[in-house]
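So the structure is just underneath, and the comments pick up after that.
Residue numbers count from 1 along this sequence. Predicted model only: the values in this text are computed from it and were never measured.
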Amino acid sequence: HNEEHVAATRKTAPDQGQLLRATAYLCAIQLIADLAGFTHSPNSSDRVLRLNAVPNSEGLPLGEALTSRLFKTVGRDVFAPVHRTVAEFLAARCLADRLQDKLTLRRVRALICGSDSGIVSGMRGLAGWLASTSSAARATFVRLDSLGVLLYGDARNFSIAEKSALM
C-alpha cells in the first residue's frame, strides 16, 4: 500500500505527455473547485476529493500524476500541487487545450468569474496564465483583468496590438 514503493516498482513508465495532461487536469479541478487536494482513501474529508470520483473519460494516468514531483503529500494520503503558481500554469494549459476542442470561453468565464462578471481574486493567476497560453481567451481576460494578466501571466507572445490593449 506504499505509494512510493508502487511507483518505484512500476514495470512501465507512463507516457510523459499523458502524465503532464493528467497533472494539468488535476490542477484545473483543484483550483476551480477550491480543493485542498486529492486522495486515494475512501474516507475523504471536506475539500479533499477521492481520485476515483474524478471524471476521466480520456483514461489519463491520474494516479501516476499524484506520485509525480508536481504533487506533494500534504496529509495522510492527501496530495496537492507543489506550488500554487505551478498549479495555475498547468491548469491554464489544460483549459487552453480544451478551448481548442470542446470547451467554450463562456463556460470558462462561468467557472472563474464571480456574479459581477469579474475574475474571482483566487483565480487571477489562472486567468493570467490562460490569457498567456490561449489566443482565443486573451482579449477577454485582458479586458476583464489587465493587471492580473500583466502580473501573473507572460505577455512575451502577445502581438503589438495585444500588448497595447494590455497597457
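Looking at Gln18, its side chain never comes within 3.5 Å of a backbone N or O of Leu60 through a donor-acceptor pair. Between the side chain of Arg138 and the backbone N or O of Ser132 there is at least one donor-acceptor pair closer than 3.5 Å.
With a 4.5 Å cut-off on side-chain heavy atoms, Val86 and Leu90 count as touching. Using a 4.5 Å heavy-atom threshold, the side chains of Val108 and Phe141 count as touching. For the pair Leu130/Val149, no side-chain contact is recorded, criterion being any heavy-atom separation below 4.5 Å from C-beta on. In this structure the side chain of Tyr152 never reaches within 4.5 angstrom of the side chain of Leu126, judged on heavy atoms. Counting heavy atoms from C-beta on, the side chains of Arg109 and Leu144 come closer than 4.5 Å. Contact of the Glu88 side chain with the Pro81 side chain is not registered, since no non-hydrogen atoms from C-beta on lie closer than 4.5 Å. By the 4.5 Å heavy-atom criterion applied to side chains, Phe158 and Val142 are counted as neighbours. At a threshold of 4.5 Å between non-hydrogen side-chain atoms, the residues Arg124 and Asp145 count as touching.
In this structure, Val120 and Gly114 approach most closely via the heavy-atom pair CG2-N, 3.6 Å. The shortest non-hydrogen separation linking Arg156 to Asp154 is NH2-OD2, 2.9 Å. Closest approach of Leu105 to Ala137, counting heavy atoms only: CD1-CB, 3.7 Å. For the residue pair Ser146 and Leu166, the shortest heavy atom distance occurs at O-CD1, 3.3 Å.
Once rounded to the nearest 0.5 Å, the distance linking CG of Leu26 with CG of Leu51 reads 6.5 Å. Atom SG of residue Cys27 and atom CZ of residue Arg84 lie 10.5 Å apart, to the nearest 0.5 angstrom. The distance from the SG atom of Cys94 to the CD1 atom of Ile32 is 8.0 Å, given to the nearest 0.5 Å. Interatomic distance, Leu150 CG to Lys163 NZ, rounded to the nearest 0.5 Å: 11.0 Å. Note that CG of Asp46 and CG of Leu49 are 12.0 Å apart. Values are rounded to the nearest 0.5 Å.
Taking hydrophobic clusters as Ile, Leu, Val, Met, Phe, Trp and Tyr residues chained together by side-chain heavy-atom distances below 4.5 Å, Val74 does not share a cluster with Val82. A single hydrophobic cluster is seen to contain both Tyr25 and Phe79, as judged by linkage of ILVMFWY side chains at heavy-atom distances under 4.5 Å, directly or through other members. Under a hydrophobic-cluster definition in which Ile, Leu, Val, Met, Phe, Trp and Tyr are linked whenever side-chain heavy atoms come within less than 4.5 Å, directly or via other members, Ile29 and Leu66 are assigned to the same cluster. Hydrophobic clustering places Phe71 together with Val54 (ILVMFWY residues linked when any side-chain heavy atoms are closer than 4.5 Å, directly or through intermediates). Both Met123 and Leu99 are assigned to one and the same hydrophobic cluster, defined by single-linkage of ILVMFWY side chains at heavy-atom distances under 4.5 Å.
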Given side chain to side chain contact (heavy atoms under 4.5 Å, CB included), test Leu95 with Ser134 step by step and report yes or no. CA-CA 9 Å; Leu95 293 175; Ser134 171; over 6 Å; no
Evaluate side chain to side chain contact (heavy atoms under 4.5 Å, CB included) for Leu70 paired with Leu20, printing each intermediate quantity in order. CA-CA 9 Å; Leu70 293 173; Leu20 189 57; 4.2 Å; yes
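In Asp101, the CG atom is crowded: over 12 heavy atoms of neighbouring residues, nucleotides or ligands sit closer than 6.0 Å. The neighbour count for Arg143 CZ, taken as heavy atoms of other residues, nucleotides or ligands under 6.0 Å away, is above 12. Other residues, nucleotides and ligands place no more than 12 heavy atoms under 6.0 Å from the CZ atom of Arg93.
In this structure, Arg21 pairs ionically with Glu58, as a charged nitrogen and a carboxylate oxygen lie closer than 4.0 Å.
Of the N and O atoms on the side chains of Thr39 and Asp77, at least one donor lies less than 3.5 Å from an acceptor on the other residue.
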